[in-house]
Amino acid sequence: MNRNEMWRRIEAHPTAWDMIVVGGGATGVGVAIDAASRGYDVLLLEQSDFGKGTSSRSTKLAHGGVRYLEQGNIGLVMEALKERGLLLQNAPHLVRDLAFIVPNYDWWEAPFYGLGLKLYQLLAGKYGFGTSRILSREETLEHLPTLKTEGLRGGAVYYDGQFDDARLLIHMATTAFEQGATLLNYVEVTGLTKDAQGFVDGVSARDAETGNEFRAAAKVVINATGAFSDLLRLKAEPAAAPMIVPSQGIHLVFDSSFLQGQSAIMVPHTSDGRVLFAIPWHGHTLVGTTDTPIAAATLEPVAMEEEIEFILATAAQYLTKAPTHDDVLSVFAGIRPLVRATGVANTAALSRDHVIHIDRSGLVTISGGKWTTYRRMAEDCVDQAATLAQLPEKPCVTQHLHIHGFHDAAKQFGALAVYGSDAHQIRKLMETDAQLGEPLHAALPYVKAEVIWGARREMARSVEDVLARRTRALFLNARAALAMAPAVFLNARAALAMAPAVADLMASELGWDEITRSKQLAAFRDVASNYVLHL
Ligand SMILES: Cc1cc2nc3c(=O)[nH]c(=O)nc-3n(C[C@H](O)[C@H](O)[C@H](O)COP(=O)(O)OP(=O)(O)OC[C@H]3O[C@@H](n4cnc5c(N)ncnc54)[C@H](O)[C@@H]3O)c2cc1C
């Protein structure tokens with residue numbers, strides 16, 4: 001998968017594509033996989049990097065949604081539990097099951113949550129992950145040695161899935177490519193073209209790297225731009241009623257001492273009535289999330305002070321070591337593309353969770369849902385889009401389609417396990433050049449060969465792409481990822497600066513000159529400053 005090959009495919013394509021997908025998050029890439037694997041001819045355009053939007057900023061849970069169960073949304077939970085199971089079957093190198101403990105401090109909590117979580121387990125049927133049960137106080141502390149003991153009565157354990165969202169997305173993009181889709185990052189769709197009847201028949205787009213503009217025709221255009229969906233809809237119909245209500249959620253990342261053991265904590269009711277998770281992730285502790293309505297979506301959302309305070313305060317109620325600002329290794333924010341319930345008269349709700357909306361111009365918008373259900377969302381969307389475009393009917397084949405890198409014993413690759421079957425080739429890079437086996441930072445497991453691999457085979461185009469989404473350095477330890485310039489950051493505690501080393505490797509791989517290299521580093525520092533708390 002590389003950019004030259006993608007441009008070659010576009011240039012060799014003089015006729016209209018069956019489908020153009022706008023947006024390279026979980027939803028758009030899922031649609032591209034579905035459409036291409038059915039045999040449709042599909043082009044996907046992403047304005048930034050694949051996963052730059054919400055899809056790299058989730059809690060990283062492949063889950064049915066315990067809280068929907070409480071709301072009595074059984075159908076939705078069953079659908080998501082099935083998708084969770086399929087995700088594990090199709091991408092075992094990136095998805096794993098994880099024990100979640102609901103700690104109990106009141107007498108009624110054990111029977112209440114115990115019963116609910118048993119139902120959650122049963123609803124998964126043959127896609128089940130593990131047996132839910134009530135735990136004694138001692139068992140709870142065996143799972144969670146750093147849980148606060150004061151007033152603790154016991155707990156209830158249930159199982160859900162955990163994954164690496166940005167890595168899964170890159171493997172999905174590769175899968176779409178292997179199925180015949182053409183995908184480009186750093187190409188923004190700037191407008192929609194229409195035929196004489198006023199139906200959308202293509203896009204105008206701009207390559208962010210060269211500034212070149214071009215047009216591409218399509219039998220149907222699919223808007224998978226998440227929280228930005230209304231902006232694209234307005235390009236088709238300036239009077240379109242908004243359908244998205246953006247809501248921000250943040251996570252804080254700490255070292256693993258805060259949550260010892262292999263299990264996660266699930267707090268079913270925080271003081272603001274939400275669910276909060278503390279999860280072991282890539283040797284760190286991930287705590288989130290919040291739900292704060294915001295006026296408009298931005299590509300690089302920033303955590304608000306009150307969100308940070310809320311998570312620190314809630315975590316302190318459950319962890320023996322109360323985390324402080326000083327302990328935050330990274331903070332990241334994402335925007336939920338929630339769908340407005342009213343105001344869109346002809347919305348076809350195919351499930352209570354995601355929505356496929358067809359504007360009068362024929363623009364198909366898919367939004368809502370969640371990461372876990374991306375495959376099902378894509379299936380519904382391609383069914384609708386193919387009917388609208390009068391394409392020959394072709395059945396969906398993604399239920400048992402392996403995601404690129406599929407490997408059912410990837411653990412053996414150690415820190416390279418997330419690459420699945422690609423780990424062999426990364427190891428080969430290290431064997432041919434011993435320097436590529438060198439770590440990028442003492443605090444993180446990444447080696448130089450991963451930078452080369454990202455640039456050569458995974459369409460990484462910037463220092464940020466490598467540190468944020470090909471590796472997860474920026475999300476795990478922003479201070480380590482950042483090239484700390486003391487003038488910019490008063491707190492220069494990072495042991496090493498990863499970014500300059502990454503920039504050097506990318507410069508040699510992609511042929512950057514010194515000016516480009518410096519611009520890349522400056523751009524990365526700008527973005528990374530949002531992930532570091534200023535003390
Ligand atoms: C805090 C938080 C936690 C979450 N946790 C979970 C979880 O644990 N499990 C789960 O299942 N779900 C979770 N979700 C939900 C899940 O992350 C989202 O539903 C999913 O990522 C949305 O994907 P998307 O592709 O629709 O949007 P996005 O990932 O935002 O992708 C849209 C893309 O469109 C691109 N774009 C926009 N305009 C244009 C244009 N004009 N031209 C080209 N490209 C354009 C953007 O750059 C962006 O990359 C969470 C969400 C949040 C906010």
Side-chain angles (χ1 to χ4, degrees), residues 20-32 43-65 68 80 83-84 87 95 98 160-163 165-166 168-169 172-173 183-192 203-208 221-235 244 246-251 264 274-277 279 281 286 288-292 294 297-301 303 307 311 332-339 353-355 365-378 381 469:
I20 291 182
V21 182
V22 190
T27 308
V29 175
V31 169
L43 171 66
L44 179 145
L45 301 173
E46 161 57 48
Q47 65 179 353
S48 176
D49 185 26
F50 303 122
K52 168 73 177 180
T54 307
S55 298
S56 59
R57 303 158 183 276
S58 76
T59 313
K60 292 114 182 56
L61 299 182
H63 62 165
Y68 297 119
E83 291 304 319
R84 178 191 76 167
L87 201 50
V95 185
L98 181 65
D160 245 329
Q162 181 189 40
F163 66 114
D165 49 9
L168 177 59
L169 189 69
M172 283 166 52
L183 306 92
L184 272 171
N185 51 1
Y186 294 102
V187 174
E188 181 190 3
V189 169
T190 50
L192 297 165
V203 302
S204 45
R206 184 174 50 231
D207 177 4
V221 175
I222 296 168
N223 174 8
T225 57
F228 302 93
S229 297
D230 287 333
L231 291 180
L232 195 68
R233 291 179 58 236
L234 288 174
K235 290 188 202 295
I244 301 294
S247 163
Q248 175 160 302
I250 74 150
H251 293 86
R274 281 193 49 78
V275 169
L276 190 105
F277 294 99
I279 305 172
W281 188 58
L286 178 71
T289 176
T290 51
D291 199 343
T292 316
I294 51 169
T298 52
L299 208 48
E300 192 53 69
E307 292 180 295
I311 290 188
F332 60 90
I335 301 173
R336 289 181 192 83
L338 300 179
V339 178
D353 203 17
H354 66 267
V355 162
T365 298
I366 169 145
S367 202
K370 51 182 188 243
W371 232 121
T372 311
T373 53
Y374 85 84
R375 193 210 62 82
R376 179 60 204 271
M377 291 166 69
C381 182
R469 290 170 294 276

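Indexing begins at 1, ligand by ligand and atom by atom, following the structure's order. None of the values given here were measured: they were computed from a predicted structure.
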Look at [atom] and say which protein heavy atom is nearest, naming residue and atom and giving the distance to 0.1 Å.
atom	result
atom 24 (P) of ligand 1	T27 OG1, 3.2 Å
atom 35 (C) of ligand 1	E46 OE1, 3.2 Å
atom 12 (N) of ligand 1	W371 N, 3.2 Å

Compute whether any side-chain donor of one residue and acceptor of the other, for [X] and [Y], lie under 3.5 angstrom apart.
X	Y	answer
S56	D165	no
Q248	T290	no
T373	H354	no

Against heavy atoms of [X], which atoms of ligand 1 measure under 4.0 Å?
X	answer
G334	53 (C)
G226	26 (O), 27 (O), 32 (C)
G369	19 (O)
A224	32 (C), 34 (O)
G249	1 (C)
L61	7 (C), 8 (O), 9 (N), 10 (C), 11 (O)
K60	8 (O)
L299	47 (O)

Practice problem: Out of S48, S55, G25, indicate the one that has the non-hydrogen atom closest to atom 23 (O) of ligand 1. | Solution: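 Nearest heavy atom to atom 23 (O) of ligand 1 lies in S55.
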
Quiz item: Using a heavy-atom cut-off of under 4.0 Å, does the side chain or the backbone of L45 touch ligand 1, or both, or neither?
Solution: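 The answer is the backbone of L45.
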
Quiz item: If you measure from each non-hydrogen atom of V22 to ligand 1, which part falls under 4.0 Å: side chain, backbone, both or neither?
Solution: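 It is the side chain that gets close, since no backbone atom is under 4.0 Å.
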
Exercise. Could you tell me whether the side chain of W371 and the main chain of S55 form a donor-acceptor pair under 3.5 Å?
Key: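 At least one qualifying donor-acceptor pair exists.
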
Exercise. May I ask you to decide if L61's main-chain N or O and T372's side chain share a donor-acceptor pair within less than 3.5 Å?
Key: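 It does hold such a pair.
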
Practice problem: Take F332 and I250, measure what side chain to side chain contact (heavy atoms under 4.5 Å, CB included) needs, and give me the verdict at the end. | Solution: CA-CA 6 Å; F332 60 90; I250 74 150; over 6 Å; no

Quiz item: For ligand 1, is H251 a contact, meaning one of its heavy atoms is under 4.0 Å away?
Solution: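 Distance cut 4.0 Å: H251 passes for ligand 1.
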
